[in-house]
Amino acid sequence: MDAGFQDNKVPHKPKIFNNCKSFIEGWYWVIPCNDLGIGEVKPITLLGRKLVIYRGQDKQVVICDAYCPHMGAHLGEGTVEGNELRCALHHWKFNAIGVCVEIPCLEQPLPLKLKTWPTVEKYGLIWIWTGETPQQPLPFVPELEFQEYESFLGSQLVMNCHPHIMMLSAIDTQYFQRVPALDIGFEKQELNPNAIIFSKYRRQNHDLLIKKIFRPLYKNPIYSLCYWYGSTFTLTVGTDLRRCYFMFAARLNEKEQVEIQTIFLTKKRKGFSGWLSTRFMLWLSNSVMQELLNKDVKVLQNMQFNLKTPIKVDQSIMQLINHVERQKPLTWKTWLLARSPDTEIKENQTKWRDELTND
């Protein structure tokens with residue numbers, strides 16, 4: 001019985017999930033691509049770390065640490081020369097991989113290297129990998145991985161909660177059970193160590209006989225989410241004939257709020273009819289997104305998450321927490337490993353329970 005299950009306490013306090021002092025190594029959105037022109041340099045602060053972003057004459061984006069390794073001048077005050085960045089104080093110059101290539105008062109530059117970070121431009125956004133070398137791909141919609149598609153930036157919004165809490169409502173089984181017409185439960189699949197998918201096909205109980213007969217013809221789930229790096233997630237909803245695709249790129253700011261950039265995606269269609277169909281799907285996607293965001297926003301922004309009494313219907317939430325806890329944690333502001341390898345949680349140690357029962 002669920003009442004008996006409530007006596008089983010959570011085995012340990014999460015070290016990453018809903019923790020504002022750490023985040024998962026991965027890809028995070030920075031700014032829209034159109035916000036950075038050729039030859040432009042801007043200061044940014046991301047996940048507590050001060051950085052500088054610029055675009056060279058080759059149109060490539062470079063993100064580096066904000067302070068010059070000589071005396072600590074802020075490179076956001078510098079200038080872009082070709083594909084290189086020159087410090088405003090003593091005019092030291094660094095190339096796109098951070099190597100010092102010129103010191104005006106010396107014949108040869110010193111063997112110095114400014115820290116730079118991997119960057120990618122996609123979906124109309126500039127993204128940064130918060131580690132040395134990207135270990136996994138940029139977030140994508142699994143269903144569109146091998147198809148041609150178009151993407152369009154939606155609105156930005158801020159919520160007074162952690163990104164992890166913002167994501168929970170989309171897989172909260174109890175939330176969906178408030179709607180009598182729905183019978184929601186999720187199938188879990190781990191796409192890779194940094195991405196987990198929760199999918200729901202059509203109702204398996206109480207369906208009409210005709211629906212049960214034709215269900216095998218439906219190739220795709222009616223509702224599917226893919227969470228990446230405990231922050232960004234994609235959402236797919238609809239039947240095989242009408243599918244809506246969204247991406248919610250999320251990050252935590254210094255005020256402990258989640259900043260969200262919404263992205264709409266749609267399959268690429270040819271001709272004028274394809275153009276009309278694309279615009280219709282974008283309109284439909286925007287309507288669905290607004291409905292999703294407007295529900296329970298106030299509740300999420302005022303809650304203090306503390307899952308002390310998980311029950312069977314919380315299984316998908318526990319699975320997401322367990323998935324997040326197994327990833328590589330970095331410390332806010334320093335971007336250093338949050339705990340040493342000697343103290344990292346191993347898979348055979350106590351962890352969040354993935355499978356729940358009523359016994």
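Note that these values count all heavy atoms, side chains included, but never hydrogens, waters or copies made by symmetry. Every value quoted in this text rests on a predicted model; they were computed, and no experiment measured them.
Crowding of Asp58 atom CG: a count of heavy atoms from other residues, nucleotides or ligands under 6.0 Å exceeding 12. Taking a 6.0 Å sphere around NZ of Lys50, one finds it holds 12 or fewer heavy atoms contributed by other residues, nucleotides or ligands.
Note that CD1 of Ile263 and CE of Met247 are 5.0 Å apart. Values are rounded to the nearest 0.5 Å. A distance of 10.0 Å separates OG1 in Thr232 from OH in Tyr123, rounded to the nearest 0.5 Å. We find the OG1-OH distance between Thr236 and Tyr223 to be 10.5 Å, quoted to the nearest 0.5 Å. For the atom pair CD1 (Ile260) and CD (Gln156), the distance works out to 10.5 Å, reported to the nearest 0.5 Å.
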* To do: Go through Asn95 and Glu84 one step at a time and tell me if the side chain to side chain donor-acceptor pair (under 3.5 Å) criterion holds.
  => CA-CA 4 Å; Asn95 66 15; Glu84 299 164 335; 5.4 Å; no

* Taking it one step at a time, do Phe248 and Gln261 satisfy side-chain contact (heavy atoms from CB on, under 4.5 Å)? -> CA-CA 6 Å; Phe248 297 82; Gln261 171 66 65; over 6 Å; no

* **Derivation of the side-chain contact (heavy atoms from CB on, under 4.5 Å) call for Phe264 and Glu150** => CA-CA 8 Å; Phe264 304 117; Glu150 297 180 81; over 6 Å; no

* To do: Verify salt bridge (Lys or Arg N to Asp or Glu O under 4.0 Å) between Arg49 and Asp65, making sure each step is shown before the conclusion.
  => CA-CA 8 Å; Arg49 192 179 185 107; Asp65 281 351; 2.8 Å; yes

* Could you check Phe233 against Phe198 for side-chain contact (heavy atoms from CB on, under 4.5 Å), going step by step and ending with a plain yes or no? => CA-CA 11 Å; Phe233 72 97; Phe198 292 93; over 6 Å; no

* To do: Could you walk me through whether Arg251 and Glu259 pass salt bridge (Lys or Arg N to Asp or Glu O under 4.0 Å), step by step?
  => CA-CA 5 Å; Arg251 65 189 182 199; Glu259 297 177 340; 2.8 Å; yes

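Placement of Val62 and Ile128 in two distinct hydrophobic clusters is found when ILVMFWY residues are connected by side-chain heavy-atom separations under 4.5 Å, directly or transitively. The hydrophobic cluster containing Val99 does not contain Leu75, counting ILVMFWY residues as joined when their side-chain heavy atoms lie under 4.5 angstrom apart, directly or transitively. In this structure, Phe305 is a member of the same hydrophobic cluster as Ile171, with clusters built from ILVMFWY side-chain heavy atoms closer than 4.5 Å.
Between Trp332 and Leu47, the closest side-chain pair of non-hydrogen atoms falls below 4.5 Å. The shortest side-chain heavy-atom distance between Val41 and Ile53 does not fall under the 4.5 Å cut-off. Between Leu265 and Leu144, some side-chain heavy-atom pair lies under the 4.5 Å cut-off.
Counting only N and O atoms by type, the side chains of Ser199 and Ser224 include a donor and acceptor under 3.5 Å apart. For the residue pair His323 and Gln319, no side-chain donor N or O sits within less than 3.5 Å of a side-chain acceptor on the partner. Judged by distance alone, the side chains of Asn83 and Gln60 never bring a donor and an acceptor atom under 3.5 Å apart.
The side chain to side chain contact (heavy atoms under 4.5 Å, CB included) with Ile126 is formed by just one residue from the set Ile31, Ile44, Val120; it is Ile31.
Taking the six-membered ring for Trp and the full ring otherwise, the centers of Phe23 and Tyr229 sit at least 6.0 Å from each other. Two rings, from Phe140 and Trp228, have their centers less than 6.0 Å apart.
At a threshold of 4.0 Å, the pair Glu81-Lys93 counts as salt-bridged, since one of the basic side-chain nitrogens sits closer than that to a carboxylate oxygen. Note on Arg55 versus Glu40: no salt bridge recorded, every NZ/NE/NH1/NH2 to OD/OE distance being 4.0 Å or above. Note on Glu190 versus Arg326: salt bridge recorded, some NZ/NE/NH1/NH2 to OD/OE distance being below 4.0 Å.
Ring pair Phe94/Trp92 is tilted by interplanar angle, where 30° to 60° counts as tilted.
Remark: Lys333 is not positioned above the aromatic ring of Trp335, lacking an NZ or CZ atom under 6.0 angstrom from the ring centre and at most 45 degrees off the axis.
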